[in-house]
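Mind having a look at this structure? Questions to follow.
Keep in mind that what you see is a predicted model, and the values were worked out from it rather than measured. In this chain, residues are counted from 1 in sequence order. Only heavy atoms go into these numbers, but all of them, side chains included; no hydrogens, no water, no symmetry mates.
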Amino acid sequence: MASSTAASHMSTTETEAKLHVNAIRRGKGANGTTPQATAHFVASLTEETAITWDQILRCQTMQFILEFIQQAEDATAVGEGPKELRFKLHARGLQIDFTGMKLVSKDIDALSGVALAPEPIVPGEPTKHNRKVMGIGIKSVFKIATAIHIYSPPYCIKFDTKENWGMICPVWTENYLMAGEFHASFYIELHKQCDMSALTSVLRALDYKILIFSSTIARITVDISIRNAMVLDYAVTKSLTDVETVPSIVSIRRNGKLEEFLFSSRDVNLDGRLTRISLAFPLDGNRQPLLRPQSVYSDLPVKDYGFLFLLNTDFITSADRRSIADIPWNNKLLRSCVQVIGDSFVDLARRSPIDGIRWTWMRFMRHGPRDELFRGHWNSVLDHLSRLTFLQTEVGTRVSPLNAVYCESRFRDRNGKLMHVRPETSNTYLSTSYLAHDCRIIEVLGVERASPLDILRGLEWLLKSRYRTEAQRQEDYIEDLAKAILPSVHDQECKKLMQKIPIIAISGEGFVAADDEDIYMSLDDDVELPGGLGGKIVDQRFARHTPIRRLYICLGGKQLNRSAVCDMIINMHTDPKFNPGKQKADDLIDHALYLYQSDFEHKAVASQIFILATNGKRVRAMHAHQPYQGPGTELKHAAARYYQKHGLGYFLDDRYLRLHKDKDVFDRIVFANWLREHMDIYPIPRLVTTEPDGRFKLTPEFRTLMNGGTGLSSADILVLLRDNWSAFYSVHFLYASYDRDPRAEAINTCVANLMEELSGMQVDCLGGSKAPLRDTSFVLSEWENREGRLSVLDIPDPMDPRWEPFLETFGIDVRGSISRYMKHLEEREI
């Protein structure tokens with residue numbers, strides 16, 4: 001068989017072609033008619049190929065279509081023009097024509113065989129030229145055909161199922177009807193039972209991507225006409241651009257619709273054979289990666305293994321071409337594919353003729369193969385790629401994936417610059433031209449994603465350093481920064497780090513960190529922060545930007561309005577750690593005036609703030625008195641009248657009144673009333689001092705008055721109490737209800753103690769004597785005291801009705817009755 005095949009390669013004439021055909025038939029024993037000859041043929045077939053006819057029957061019915069394309073690829077080229085393959089289907093048969101390609105003796109041998117039979121190695125040539133075509137797939141044509149007529153001068157033969165061993169034994173024929181412009185023609189006589197719709201569907205869905213890997217075929221044409229009506233007519237044409245570049249662009253046009261691929265191939269030496277490994281990367285209409293699963297090819301498509309690119313090399317497939325066998329040859333090929341695939345990706349990244357692909361090539365790696373045969377080798381591809389230096393950095397240098405870092409787009413400003421590093425030191429950060437979602441794909445190569453913590457650490461260093469630029473002090477930068485880091489503010493570790501970064505813009509002071517100061521924001525120009533509160537107001541130019549304002553609030557900043565400032569003042573003054581001695585005098589004054597200007601109404605807490613007294617001391621408002629406020633504001637019982645010249649008590653510093661020095665009397669009176677009603681600063685002598693828990697006791701100053709320390713008579717003190725009893729003093733003598741007030745016991749004790757002290761006050765009586773208030777009497781006529789034995793109060797205007805509620809509080813009856821007089825006599829044993 002080998003000698004006849006070798007001799008037939010020299011056939012050039014029709015005579016020699018006929019001799020070649022006869023030699024094939026003799027070699028197969030097909031001319032024999034005896035049982036011995038038939039047995040010899042079957043034995044030789046089994047010994048040579050170990051293939052049974054069952055394998056042919058298991059082939060896909062329409063597999064022969066692709067096998068004919070393979071036959072055209074392997075045919076001998078004729079001329080310099082484009083090579084074309086044409087399919088023409090009609091009701092009687094299918095004609096397949098080659099233009100620019102002819103069959104020679106080795107092709108006839110392949111058509112007559114059913115096995116893969118390697119020929120002697122030809123050094124330096126691809127392996128596909130060193131083997132015969134597997135004949136099983138093409139024999140599947142006989143599932144729908146009765147005969148195949150082949151015309152390629154000088155050959156004019158047929159394979160006819162009516163002949164002995166007709167599927168593998170050629171028969172010479174004199175039918176030259178197919179002769180014409182084509183260099184090789186096949187005419188397939190179809191069975192009457194042929195499924196024309198299935199055949200039409202196969203031709204309609206022909207995988208024309210095989211043209212990408214074809215070294216000879218540039219065009220495929222399909223014409224289908226049934227019952228003289230055109231059912232389908234299309235042409236697929238391949239063209240190459242930038243042939244000298246790697247990768248190059250392959251264009252496939254089907255009836256005007258253009259598809260483009262980036263094509264890359266390399267030859268590898270495998271067991272002394274030069275084998276080509278090719279890849280094609282499909283592009284969409286925008287010349288970006290087309291992300292659809294693609295087939296693996298062994299010249300012809302095998303099946304989709306999960307790759308997003310086309311891979312073609314000399315895999316040995318199963319007889320039906322449906323899978324790639326797990327055999328040593330294929331595994332060697334796959335090991336060679338590892339470097340070729342990796343280098344092809346590098347070519348896309350560095351040398352793609354389409355600039356956009358240099359930044360999006362990794363999309364072809366979005367997912368790897370599904371099949372176990374490929375998966376391990378795909379991991380090797382990733383490992384190989386991770387060590388290659390091909391990724392472009394922010395500063396234009398190249399870096400390997402293992403040394404590369406990328407940032408999400410939110411960590412770049414509106415100019416695309418990284419916000420947390422100096423541009424000249426960003427030589428490990430990938431270029432802004434890579435999109436973040438694409439960079440996530442190549443994390444499998446070792447590329448690291450800069451975490452929010454990494455970004456924040458960089459920001460802390462940069463914004464505290466001398467490298468902070470003027471642009472990084474502008475609203476645009478801070479707004480972009482706020483948008484970037486806000487999503488991470490709920491992470492406690494990130495938030496703590498954010499609070500250390502000087503990103504809070506303060507009016508007139510630059511930037512501070514949230515940890516450094518209490519931060520307040522106001523969109524109202526009228527709201528200011530009094531001195532001494534320890535906080536800072538955010539520059540309104542920054543606070544008006546919603547992302548910045550939200551960030552500042554998340555970092556502890558507070559919305560600033562008059563109510564909030566009042567709360568700040570109260571909270572500071574009532575803090576047990578607050579030291580008023582360290583406060584500037586002007587700041588303390590500003591605090592009280594701010595509460596007044598804000599019409600603050602919470603007396604219980606406002607009375608707790610510290611004020612500046614005339615003697616320079618700091619005391620709580622509840623311990624202070626109002627000073628003399630000028631003409632028109634004099635009070636009959638002003639505390640200043642009783643205390644100030646004797647150095648008793650505490651009085652507001654005169655500077656509190658400077659705000660009103662140019663105001664009229666009415667405004668000063670309003671201010672005085674506010675001080676009394678809302679800060680508990682009395683214009684008259686204070687009777688008691690009240691503690692925060694509600695307990696109270698007689699003031700030292702009033703006790704001095706009662707003891708005569710200021711030179712006042714007891715009548716003057718009693719008039720003071722009488723005139724202010726209902727408005728100011730009586731409230732301190734009301735007992736609390738145990739059912740309603742949990743502090744009732746403590747308060748009632750205070751009331752009893754106060755009552756005891758005031759009722760024990762020594763007062764002047766008629767006749768020049770003195771007695772405790774509780775032991776005195778109040779008489780309105782001479783007969784009530786004709787014996788002169790009673791301690792009758794010596795008070796002015798005894799007819800004034802205001803005496804009654806005051807004196808009755810201490811058990812003194814002011815109504816004057818005989819019964820009271822008699823009782824008094826009995827008590828004194830008169």
Ser352 versus Arg358, side-chain donor and acceptor atoms under 3.5 Å: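 Absent: no donor and acceptor within the cut-off.
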Which atom of Asp343 lies closest to which atom of Leu388, heavy atoms considered: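 Nearest heavy atoms, Asp343 then Leu388: OD1-CD1, 4.0 Å.
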Spacing of CG belonging to Leu85 relative to OG1 belonging to Thr99, to within rounding of 0.5 Å: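 Atom-to-atom, Leu85:CG and Thr99:OG1 are 8.5 Å apart.
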Geometric class of the Phe345/Phe309 ring pair [parallel <30°, tilted 30-60°, perpendicular >60°]: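 Phe309 vs Phe345 ring planes: perpendicular.
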Cation-pi check, Lys102 onto Phe98 ring (under 6.0 Å, within 45° of axis):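 No, Lys102 and Phe98 do not form such a contact.
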For the student: nearest non-hydrogen atoms of Ala145 and Thr161, plus distance: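 Heavy atoms only, the tightest pair is O-CG2, 4.3 Å.
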NZ/NE/NH1/NH2 to OD/OE distance under 4.0 Å, Asp271 and Arg273: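 Salt bridge flag = no for Arg273 with Asp271.
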Ionic contact status for Arg276 with Asp314, cut-off 4.0 Å: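 The answer is no: the pair does not qualify as a salt bridge.
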Between Asp438 and Thr360, a side-chain donor and acceptor under 3.5 Å: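 No, no side-chain donor-acceptor pair sits under 3.5 Å.
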Geometric class of the Phe281/Phe364 ring pair [parallel <30°, tilted 30-60°, perpendicular >60°]: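 Tilted: the ring planes of Phe364 and Phe281 meet at 30° to 60°.
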Over 12 foreign heavy atoms within 6.0 Å of CD, Gln339: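 Not buried by this count: 12 neighbours or fewer within 6.0 Å.
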With Arg440 via side chain to side chain donor-acceptor pair (under 3.5 Å) - residues at least two apart: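 By the side chain to side chain donor-acceptor pair (under 3.5 Å) rule, Arg440 matches no residue at all.
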